[in-house]
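Inspection log for the structure reproduced underneath, given as structure tokens.
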Amino acid sequence: MIDFDEIIDKYLIHENKPKEIGRYYPSEIGGCIRKTWFSYKNPKEVGADLLRIFEAGNLLHEFISDAIKSEKNPDIELVKNEMPIRIEEKDFIISGRIDNLIMFKLNGEQYLVEVKSTKMLPRYANESHEMQLQLYMHATNIHKGFLLYIQKDNLKTTSFESKYDENMAQNILRRFRELHLSLKNDKMPKPEAKLSDDKRWMCSYCAYKENCDKAGN
Ligand code: SF4
């Protein structure tokens, strides 16, 4: 008997590079700041189940890129299907290769698309996804974009158009500053998700729930 799960797990497993205080990733600011803080102070291995979920997301992102660049869709032009982002602040850097980000051209205009795979299509754009997209628009100077959700089991999509909002981008940069200071000063941030009705659901998926509950508010 061949264990195909084992073959897949071996294929997906990779060594996690330790994170460095002062170098942050664009994707980590939309969620709970305390969780991100833990991921620097107390890094945990990403489990096989989560690696599979990430890989499924990558495959769907490739699928959307292929559809956009296909000659069957001549009106829309794929410009890039993954992008490096770099924002230099006074004493820290936000950088990373964003592999769920697509740039396309339609009627001479450039757009960013952030692709999110999901179990069920949402009725509204998720706030933390919108924050990521705003940060990407800020970094790339492309000020129009879409959040595109694709349902895993039937490939149906829903999308939300977004325009650059300078205030929101500045608010995201302020969150990075808060994160940086709390890491530098070794001061645990408030349990942001736990304290917010809109974000409390994040706690059910958080690998640091036990540490967080022990630390209190
Ligand atoms: S349990 Fe909730 S509040 Fe605590 S770190 Fe995780 S996501 Fe944040």
Side-chain angles (χ1 to χ4, degrees), residues 1-21 23-67 81-85 94-102 113-122 125-133 135-136 147-158 179 183 188-189 191-194 196 198-215:
M1 181 91 168
I2 300 177
D3 187 341
F4 286 101
D5 274 344
E6 194 185 340
I7 291 172
I8 291 171
D9 287 344
K10 278 187 183 162
Y11 172 65
L12 291 179
I13 203 127
H14 57 267
E15 220 181 301
N16 280 339
K17 278 195 216 143
K19 290 175 162 187
E20 194 188 311
I21 294 174
R23 180 172 288 274
Y24 304 110
Y25 300 92
S27 59
E28 58 191 4
I29 207 61
C32 170
I33 287 205
R34 183 184 274 195
K35 181 183 171 191
T36 305
W37 186 89
F38 274 127
S39 73
Y40 282 78
K41 292 285 179 181
N42 184 7
K44 290 191 177 176
E45 281 294 311
V46 181
D49 287 350
L50 209 49
L51 288 173
R52 282 163 185 252
I53 291 171
F54 291 156
E55 187 60 20
N58 291 341
L59 294 172
L60 286 176
H61 164 257
E62 283 304 318
F63 169 72
I64 297 287
S65 299
D66 289 347
N81 73 348
E82 58 171 36
M83 293 170 64
I85 299 281
I94 305 159
S95 73
R97 177 161 287 279
I98 315 298
D99 52 14
N100 60 351
L101 192 64
I102 290 171
V113 188
E114 196 190 354
V115 183
K116 297 287 183 192
S117 54
T118 172
K119 248 194 216 167
M120 278 202 4
L121 295 179
N126 174 299
E127 191 197 352
S128 59
H129 298 161
E130 175 66 24
M131 281 169 99
Q132 280 178 34
L133 183 58
L135 184 70
Y136 302 153
L147 276 174
L148 172 63
Y149 292 90
I150 177 163
Q151 189 163 319
K152 290 174 198 172
D153 61 355
N154 60 13
L155 304 185
K156 289 214 178 281
T157 65
T158 191
L179 172 69
L183 283 165
M188 187 184 294
E192 191 183 17
K194 217 188 278 185
S196 149
D198 292 341
K199 291 186 173 175
R200 199 162 299 124
W201 61 270
M202 292 177 181
C203 302
S204 322
Y205 301 93
C206 176
Y208 298 99
K209 189 160 184 334
E210 221 182 298
N211 314 57
C212 178
D213 288 345
K214 257 190 212 156

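In this chain, residues are counted from 1 in sequence order.
- Side-chain contact check for Tyr208 versus Lys44: some heavy-atom pair is nearer than 4.5 Å.
- Leu51 CG to Ile8 CD1: the interatomic distance, rounded to the nearest 0.5 Å, is 12.0 Å.
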| task | Kindly determine whether Ile85 and Tyr25 satisfy side-chain contact (heavy atoms from CB on, under 4.5 Å), including the steps that lead there. | result | CA-CA 9 Å; Ile85 299 281; Tyr25 300 92; over 6 Å; no

| message | Test salt bridge (charged side-chain N to carboxylate O under 4.0 Å, His left out) on Lys10 and Asp5; report intermediate values, then the result. | response | CA-CA 9 Å; Lys10 278 187 183 162; Asp5 274 344; over 6 Å; no

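- With contacts defined as side-chain heavy-atom distances shorter than 4.5 Å, the pair Ile94/Ile29 does not qualify.
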| query | Given Ile150 and Thr158, is the side-chain contact (heavy atoms from CB on, under 4.5 Å) satisfied, shown in steps? | reply | CA-CA 7 Å; Ile150 177 163; Thr158 191; over 6 Å; no

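- The shortest side-chain heavy-atom distance between Cys203 and Lys35 does not fall under the 4.5 Å cut-off.
- With hydrogens and angles ignored, the 3.5 Å screen pairs a side-chain donor or acceptor of His61 with a backbone N or O of Asn81.
- With contacts defined as side-chain heavy-atom distances shorter than 4.5 Å, the pair Val113/Ile64 does not qualify.
- By the 4.5 Å heavy-atom criterion applied to side chains, Phe38 and Met188 are counted as neighbours.
- Within a 6.0 Å sphere centred on CD of Glu62, other residues, nucleotides and ligands contribute more than 12 heavy atoms.
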| message | As a quick check of understanding, evaluate side-chain contact (heavy atoms from CB on, under 4.5 Å) for Asn211 and Asn42, giving each step before the final call. | response | CA-CA 10 Å; Asn211 314 57; Asn42 184 7; 3.0 Å; yes

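- Taking both residues in full, the closest heavy atoms of Met202 and Ala193 are given as CB-CB, 4.1 Å, listed atom of the first, atom of the second, then distance.
- The side-chain hydrogen bond (donor to acceptor under 3.5 Å, both in side chains) check on Thr157 picks up nothing, with sequence neighbours excluded.
- Among residues two or more places apart in sequence or in another chain, the side-chain hydrogen bond (donor to acceptor under 3.5 Å, both in side chains) test is passed with Asp49 by none.
- At least one donor-acceptor pair under 3.5 Å links the side chain of Arg34 to the backbone N or O of Pro189.
- A distance of 6.5 Å separates CG of Leu155 from CG of Leu60, quoted to the nearest 0.5 Å.
- If you take CG on Asn58 and CG on Leu12, they are separated by 9.5 Å, rounding to the nearest 0.5 Å.
- Environment of CG in Leu59: crowded, with over 12 heavy atoms of neighbouring residues, nucleotides or ligands closer than 6.0 Å.
- Residues passing the side-chain hydrogen bond (donor to acceptor under 3.5 Å, both in side chains) test with Ser95, sequence neighbours excluded: Arg23.
- A side chain to side chain donor-acceptor pair (under 3.5 Å) with Tyr149 is found for one member of Lys156, Glu114, His129, Lys116 and no other, namely His129.
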| said: Quick one, Tyr40 with Tyr24, criterion ring pair (Phe, Tyr, Trp, His ring centres under 6.0 Å). Give me CA distance, side-chain angles, the key distance, then yes/no. | reply: CA-CA 10 Å; Tyr40 282 78; Tyr24 304 110; 5.5 Å; yes

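- The structure places OG of Ser65 at 10.0 Å from CG of Leu101, a figure rounded to the nearest 0.5 Å.
- Glu28 is not listed as a side-chain neighbour of Ile33, based on a closest heavy-atom distance of 4.5 Å or more.
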| request: Let me see the working for Thr118 and Lys152 under side chain to side chain donor-acceptor pair (under 3.5 Å), right down to the final yes or no. | output: CA-CA 6 Å; Thr118 172; Lys152 290 174 198 172; over 6 Å; no

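- Minimum interatomic distance between Cys212 and Pro191 (heavy atoms only, all atoms of both residues): SG-CB, 4.0 Å.
- Between Ile21 and Lys41 there is a side-chain heavy-atom pair separated by less than 4.5 Å.
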| side-chain contact (heavy atoms from CB on, under 4.5 Å) between Asp213 and Lys209, worked out | CA-CA 6 Å; Asp213 288 345; Lys209 189 160 184 334; 2.9 Å; yes

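- Note that the NZ atom of Lys194 and the NZ atom of Lys199 stand 15.0 Å from one another [nearest 0.5 Å].
- In summary, the side chains of Ser196 and Asp198 do not present any donor paired with an acceptor at a separation below 3.5 Å, with no hydrogens or angles considered.
- Distance check, rounded to the nearest 0.5 Å: CH2 of Trp201 to SG of Cys206 gives 11.0 Å.
- Using a 4.5 Å heavy-atom cutoff, the side chains of Glu82 and Ile98 are not in contact.
- For the residue pair Ser117 and Gly57, the shortest heavy atom distance occurs at OG-CA, 3.5 Å.
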